[in-house]
Amino acid sequence: MSDSGLGFSVKRFIIFIVGSAVAILVFEGMGEVGGNMIKGQVSKTTSKYHPERNVEDRIKPAFVLEDKVAIANAADTTDALVADEWNAEGSCEQVIEGNDMLQFNLKEMKVSAGCASVTVTLKHTGVMAVEVMGHNWVLSTDADFMPVATAAAGAGLANNYVPVDDNRVLAATSIIGGGEETSVTFSIESLQAGDAYTFFCSFPGHYAIMKGSFKVIA
Ligand code: ZN
């Protein structure tokens with residue numbers, strides 16, 4: 001072998017090429033082996049605790065929106081059933097709930113013209129104080145509803161936000177806060193079956209949302 005004088009020889013060059021090729025093959029081989037080892041470990045680990053579950057089960061979310069909707073619907077159904085029971089058409093005993101979200105649970109109440117008197121019980125299912133989220137139940141004709149609701153603000157909390165000595169007010173409970181309950185019993189002698197009456201909460205601003213239709217049925 002001749003030496004070029006520049007440190008280059010064919011023999012060294014061949015050794016370098018062969019050496020590089022072997023190194024690459026070994027590296028690739030190790031990578032393959034290592035990869036398979038990791039794969040094996042992953043599959044062993046993820047199936048170890050729940051060997052009975054297949055891949056679909058394992059990737060399935062624990063919580064599905066569908067189930068939540070079903071729960072919400074079930075709750076609605078229950079509320080409706082309870083409301084029906086309380087608010088049986090024509091019943092002389094009516095129960096209505098108000099909450100912290102400015103909502104009555106009823107949009108309509110129907111009492112029988114045959115009721116000697118009607119008792120409306122209001123339950124505040126929220127937790128907020130009367131000064132902040134007070135509710136009452138006030139009854140007037142549809143025509144008087146807005147004027148009474150407007151006058152109510154001036155009556156103040158001390159008067160339960162009900163105009164004093166105002167014959168447009170057909171019935172009214174006291175005003176209550178979260179967790180409290182109140183009721184009013186009144187005669188419906190002056191009310192006419194078929195006439196339009198409105199019940200509402202007269203706490204300032206609440207009447208816009210907290211209102212419903214009160215009917216006397218024959
Ligand atoms: Zn209210």
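What you see below is based on every heavy atom in this structure, not just the backbone, and it leaves out hydrogens, waters and symmetry mates. Counting starts at 1 for both ligands and their atoms, following the listed order.
- Under the 4.5 angstrom side-chain criterion for Ile, Leu, Val, Met, Phe, Trp and Tyr, Met101 has no cluster partners at all.
- For Lys123 and Glu97, the salt-bridge test fails: no basic side-chain N is under 4.0 Å from an acidic carboxylate O.
- Listed by chain and residue number, the protein N/O/S atoms under 2.8 Å of the Zn ion (ligand 1) are Gly134 O, His135 ND1, Cys201 SG, His206 ND1, with waters left out.
- Within the 4.5 Å cutoff, no side-chain heavy atoms of Val138 are placed close to those of Phe145.
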Solution key, residues 174-183 side-chain donor-acceptor pairs under 3.5 Å, sequence neighbours excluded:
unit_1: Ser174; atom_1: OG; unit_2: Thr182; atom_2: OG1; d: 3.0
unit_1: Glu180; atom_1: OE1; unit_2: Gly177; atom_2: N; d: 2.6

Please tabulate, for the side chains in residues 203-218, all donor-acceptor contacts under 3.5 angstrom to protein atoms that are two or more places apart in sequence or on a different chain.
unit_1: His206; atom_1: ND1; unit_2: Gly134; atom_2: O; d: 3.4
unit_1: His206; atom_1: ND1; unit_2: His135; atom_2: ND1; d: 3.4
unit_1: Lys215; atom_1: NZ; unit_2: Glu108; atom_2: OE2; d: 2.8

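- Side-chain atoms of Asp100 come within 3.5 Å of backbone N or O of Val127 as a donor-acceptor pair.
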